[in-house]
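Report on one structure; see the data block that follows.
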Amino acid sequence: MTSRASATSPDVLAGWRAPERPADPGPMADPERRRTMVDAFVAEFVASATWRATLAVLEAAFPGLGMAATLSRRTDELWRTIDTLDQAGPARLGVPVWLDGGGMALDLSARLRPRTPLRGTGAPSLPGVAGPAARGGEGTSREPRPRASWPYAGAFVIDTLDPLRYHRAVGGPLAPRDQPAKGSPGTGMGSGTGTVPVPPPGEEDDSGVVIVVDLTSAGPRVLDSAALWRYAGRVVTAALYDPVLPETRARARRALRALRRVVLIDPGLGLGLCLRIDVARTPRCLLAFRVDREDPRTPRFVRP
């Protein structure tokens, strides 16, 4: 008599596949998780040194609007003035914008313009970065290398457009070779120099950077969170790393690892984008704003 085939016989197992668990679509696909994440980000952002640095940059980039004083007064009620993306996103920001897995993504196709080739210095260029941030050297006579300043503990500012215009720190911004080496005498208050303290970047467990940029030079016409984070990383590296000084490589890496908030401000477009970087190094664009010099309610904020 022929026995019945075992339930574990090879011919049965050959056609069997373990059920696949549905992939987690991420917090942006769930309205409740998205709202919780954005609320937490806004709360920590407005309480951080990065927010204070953002206000200082906005005050200089858009003079005469009193933005620092206005936003300082409105901080506690900021989220009551933030529109959601599905309410008035594109109209509020002035560019096409939509929700994706990384928060907000935008299309700058209509704002792109031809780039003017600049005389290089022989230093290696950084792909996807135009202007001074693209070069590892001191830049050209027309466009100086982006330099970093530390106006507050836990936040620094990099201006890729005009280092002494949009954020003028006490003592001026510093190039990598001007920064004190780790363990060397500092230039802080009480040292007799009268300059702002310059902590080694990345020593903070939680830090942020405000970058003044021309977003049309970021590379792709569509800027999602990943593209913005890659661009910010190249700018930070260009500002903090000097190939002539090997010790600045570790300093730049520490600064990048410590970043939890990245704000990119484009004075020409009147556009600001705020990224949250989580512990897994996943970037998400969770807040954006536009500054309209003709609108007394400026800036207008948008969240996903």
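From a predicted model like this one, the values you see are computed outputs, not experimental measurements.
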Would you say the side chain of [Y] lies within less than 4.5 Å of the side chain of [X], judging by non-hydrogen atoms?
| X | Y | result |
| --- | --- | --- |
| R34 | M37 | no |
| P299 | M67 | yes |
| L223 | Y231 | no |
| V157 | V57 | yes |
| C285 | D224 | no |
| R261 | L275 | no |

Give a yes or no on whether the backbone of [Y] and the side-chain of [X] come within a donor-acceptor separation of less than 3.5 Å.
| X | Y | result |
| --- | --- | --- |
| T248 | D242 | yes |
| T50 | A155 | no |
| D266 | L215 | yes |
| D278 | T282 | yes |
| T84 | P304 | no |

Pair I265, V213 - check side chain to side chain contact (heavy atoms under 4.5 Å, CB included), show working. CA-CA 6 Å; I265 298 176; V213 295; over 6 Å; no

Could you state the interatomic distance from [atom1] ([X]) to [atom2] ([Y]), rounded to the nearest 0.5 Å?
| X | Y | atom1 | atom2 | answer |
| --- | --- | --- | --- | --- |
| L228 | M104 | CG | CE | 10.0 Å |
| I211 | R234 | CD1 | CZ | 11.0 Å |
| T54 | L264 | OG1 | CG | 10.0 Å |
| L240 | R249 | CG | CZ | 13.0 Å |

Check the pair L287 / V302 against side chain to side chain contact (heavy atoms under 4.5 Å, CB included), numbers first and verdict last. CA-CA 6 Å; L287 190 65; V302 174; over 6 Å; no

Stacked cation flag R276 on F41, 6.0 angstrom / 45 deg: no

Does [X] come within less than 4.0 Å of [Y], counting only side-chain N to carboxylate O?
| X | Y | answer |
| --- | --- | --- |
| D107 | R221 | yes |
| R303 | D39 | yes |
| R260 | E44 | no |

Partner of V212 under side-chain contact (heavy atoms from CB on, under 4.5 Å), picked from D159, V235, T160, is D159

Using the side-chain contact (heavy atoms from CB on, under 4.5 Å) rule, pick out the option among V263, L71, L65 that qualifies with L58. L71

Decide yes or no on side chain to side chain contact (heavy atoms under 4.5 Å, CB included) for R300 and F289, but give the supporting numbers first. CA-CA 5 Å; R300 310 297 296 276; F289 59 86; over 6 Å; no

Between [X] and [Y], is there a shared hydrophobic cluster once you connect ILVMFWY residues whose side-chain heavy atoms come closer than 4.5 Å?
| X | Y | result |
| --- | --- | --- |
| V38 | I82 | yes |
| W229 | L108 | yes |
| V95 | L273 | yes |

Do the ring planes of F45 and W51 sit parallel (below 30°), tilted (30 to 60°) or perpendicular (above 60°)? perpendicular

If we count only N and O atoms by modelled type, under 3.5 Å, do the side chains of Y152 and R52 hold a donor and an acceptor together? no

Given L93 and L271, is the side chain to side chain contact (heavy atoms under 4.5 Å, CB included) satisfied, shown in steps? CA-CA 7 Å; L93 295 179; L271 189 63; 4.1 Å; yes

